[in-house]
**Student:** 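Below you will find the structure I want to go over with you.
Remember, it's a predicted structure, so these values are computed and weren't measured experimentally. A, B, ... follow the sequence lines: proteins, then strands. Residue 1 opens every chain.
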Protein chains: 2
Amino acid sequence: MNLTVSEENYIKAIFHLQQAEGNVSTNQLAASLHTKPASVTDMLKKLTHKSLLEYEPYQGVRLGKEGKKQALSIVRKHRLWEFFLVDKLQFGWDEVHDVAEELEHISSKKLVDKLDAYLGFPKFDPHGDPIPDSNGIMATIRQFNLIDVKPKVVVEVCSVGSQSAELLELLRHKNIGIGTELQIIRKFEFDHSVEISVKNKPTITISQQLAQALFVKLV
Amino acid sequence: MNLTVSEENYIKAIFHLQQAEGNVSTNQLAASLHTKPASVTDMLKKLTHKSLLEYEPYQGVRLGKEGKKQALSIVRKHRLWEFFLVDKLQFGWDEVHDVAEELEHISSKKLVDKLDAYLGFPKFDPHGDPIPDSNGIMATIRQFNLIDVKPKVVVEVCSVGSQSAELLELLRHKNIGIGTELQIIRKFEFDHSVEISVKNKPTITISQQLAQALFVKLV
DNA sequence: AATTATTTTTAGGTAAATCTAAATAATTTA
DNA sequence: TAAATTATTTAGATTTACCTAAAAATAATT
Ligand SMILES: [Mn+2]
Ligand SMILES: [Mn+2]
Ligand SMILES: [Mn+2]
Ligand SMILES: [Mn+2]
């Protein structure tokens, strides 16, 4: 099954939009891929013909078994390359996404598996997202949205809700990253902002939007 | 100047075919790129329009200043990635060419320069070919074709004439690689085969074709 | 020099991935 | 439930990188 770069990008986008179960809509895909709904319809037909998708006109789409397998392979490559860029080449975690977006399409399976070994079989990428192993299996950790955590509970940031440059810039400014330990001091009803305390630092206040973009685990 | 993968492959092919001076023919390019002469003509027009080439219909083509710069950047990426694959990921030197053929098209300049630094600014790739630095400058060593070397002179293999799997397989079998020290014992007129002695090993005979594919330097 | 062979270009077409505009289906609102 | 709105698909074009077949230019042979 040889896929073009475009086909791979569609498969990956469906994978990411298709949380839990439920179908992904044409418009969602068009927005996520910065393309037009008409183009999406064309591609969905093609990928369905290749037995990668389950698609009914007007009813949205979901990945089939083979599509899921392909998606995991692309995600694996994306996250391994991100890890490589940060761990070996000293990129910042906020700079790696676009480069990985290209590297994920390099096709050699041998390359990916050797890279994995060279990196020491990492389980999470620099954004805290789990890296599928060569069988497509990835670690799952109980993670919570920071906005839902009770005050006083000590937690550690383990992933972020998006890879947007804006979010990562803000986190860098506030000195928050994957692995940062913190606890909620109090929540403000008015704007749902949250006062937090990062280990050994003065407390700071973060917006509702930022708290919703942070995922944490218990320490 | 943003080039497509196809455009980059043409630029690189012209660079490699354009030894010293003299123009590259349409047919040469078609053979080298596994495409048809008619397709080459189309692409030459496009790249000329982009001011990368100097091209006169029926007179062949050569790289212009900007084309040369682009070519060196692609060659730099190709050879750095080959070095990475062999030095860090333990690929064999005969396995890296096809993967590098894909990796060379990753566009991030920052990635290439960081990779270069991470690898310790290597001067030669695993096949003995020089790696251009970030300004496009590459080391030149006096190298000779083995077929032209006089008997008794001790030389060291420093590059190979092609990256073909067949050649590399044969070299692996004969235990000859970059860095191998050897000397010519005698040459046979009949078939131009050459008897050589590799340090501490029984002498072996290699064919004219193989001797022509080996480039060496004085030690 | 004339003929033949080779090389290169032109003409016209295809497949992939996109687009805009128009038509149709599904959903929401009044 | 009928009308209005929104989502999706269809129809018809465009661009890129190829292709084959035919024409034209160049090179090699008699
Ligand atoms: Mn991508
Ligand atoms: Mn990531
Ligand atoms: Mn290439
Ligand atoms: Mn090489």
**Student:** Let me know, please, whether A:P57 or B:P57 comes out on the 5' side of the other along DNA chain C by nearest nucleotide.
**Tutor:**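 Closer to the 5' end of DNA chain C: B:P57.
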**Student:** Going by number, which of residues 27-43 of chain B have a non-hydrogen atom under 4.0 Å from DNA chain C?
**Tutor:**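 Hits under 4.0 Å, by residue number: B:N27, B:P37, B:A38, B:T41.
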**Student:** Measure the distance from OH on A:Y58 to C1' on D:dT9 and round it to the nearest whole Å.
**Tutor:**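 Spelled out: OH on A:Y58 to C1' on D:dT9 is 4 Å.
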**Student:** Under a 3.5 Å limit for both distances, which nucleotide forms a Watson-Crick or G-U wobble pair with D:dT30, could you say?
**Tutor:**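 Paired with C:dA1.
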**Student:** Measuring to OP1 and OP2 of D:dT9, would you say a side-chain N or O of A:T26 lies under 4.0 angstrom away?
**Tutor:**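 So the side-chain polar atoms of A:T26 do come within 4.0 Å of the phosphate oxygens OP1 or OP2 of D:dT9, strictly under.
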**Student:** Could you state the CD-P distance from B:E56 to D:dT26, rounded to the nearest angstrom?
**Tutor:**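 Going from B:E56 (CD) to D:dT26 (P), I get 11 Å.
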**Student:** Using a cut-off of less than 4.0 Å, is there contact between a side-chain N or O of B:Y55 and OP1 or OP2 of C:dT9?
**Tutor:**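 It does, given that an N or O in the side chain of B:Y55 lies less than 4.0 Å from OP1 or OP2 of C:dT9.
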**Student:** Look at A:Y10 and C:dT18 and indicate whether a side-chain polar atom (N or O) is within less than 4.0 Å of OP1 or OP2.
**Tutor:**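 So the side-chain polar atoms of A:Y10 do come within 4.0 Å of the phosphate oxygens OP1 or OP2 of C:dT18, strictly under.
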**Student:** Establish, yes or no, whether the cationic atom of A:K110 lies under 6.0 Å from the six-membered ring centre of B:F91 and within 45° of the ring axis.
**Tutor:**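 Cation-pi check for A:K110 and B:F91: passes.
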**Student:** Determine, stepwise, if the pair B:K187 / B:D148 fulfils salt bridge (Lys or Arg N to Asp or Glu O under 4.0 Å).
**Tutor:** CA-CA 10 Å; B:K187 299 177 180 183; B:D148 303 322; over 6 Å; no
**Student:** Checking contacts here: which listed nucleotide (C:dT9, C:dT8, C:dA26) is nearest the side-chain heavy atoms of A:Q59?
**Tutor:**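 The listed nucleotide nearest to A:Q59's side chain is C:dA26.
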**Student:** Flag the pair A:D116 and A:R79 as a salt bridge only when some basic side-chain nitrogen lies within less than 4.0 angstrom of an acidic carboxylate oxygen.
**Tutor:**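 Judged by the 4.0 Å cut-off on N to carboxylate O distance, A:D116 and A:R79 do not form a salt bridge.
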**Student:** Looking at the side chain of B:S6, which of D:dA24, C:dA26, D:dC18 is the nearest nucleotide?
**Tutor:**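 Side chain of B:S6 sits closest to D:dC18.
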**Student:** If you round to the nearest 0.5 Å, how far is CZ of A:R62 from CG of A:L17?
**Tutor:**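 A:L17 atom CG to A:R62 atom CZ measures 14.0 Å (nearest 0.5 Å).
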**Student:** Side chains of A:S193 and A:D191 only: does a donor on one sit below 3.5 Å from an acceptor on the other?
**Tutor:**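 Distance-only check passes for A:S193 and A:D191.
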**Student:** Report the distance from atom CG of B:L3 to atom P of D:dT16, rounded to the nearest whole Å.
**Tutor:**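 Checked: the CG to P distance equals 13 Å.
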**Student:** Answer yes when A:E95 and A:R172 have at least one side-chain N-carboxylate O distance shorter than 4.0 Å, and no when they do not.
**Tutor:**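 Salt bridge absent between A:E95 and A:R172.
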**Student:** Can the positive tip of B:K88 be found less than 6.0 Å from the middle of the six-membered ring of A:F84, inside 45° of the ring normal?
**Tutor:**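 No - B:K88 does not lie over the ring of A:F84 by the 6.0 Å and 45° rule.
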**Student:** Would you say D:dT16 has OP1 or OP2 under 4.0 Å from some side-chain N or O of B:T4?
**Tutor:**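 No, because none of the side-chain N or O atoms of B:T4 sits under 4.0 Å from OP1 or OP2 of D:dT16.
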**Student:** Applying the Watson-Crick and G-U wobble criteria at under 3.5 Å, what pairs with D:dA7? Answer none if nothing qualifies.
**Tutor:**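 Partner of D:dA7: C:dT24.
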**Student:** Report yes if at least one side-chain N or O of A:K45 is closer than 4.0 Å to OP1 or OP2 of D:dT9; otherwise report no.
**Tutor:**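 For D:dT9, neither OP1 nor OP2 has a side-chain N or O of A:K45 closer than 4.0 Å.
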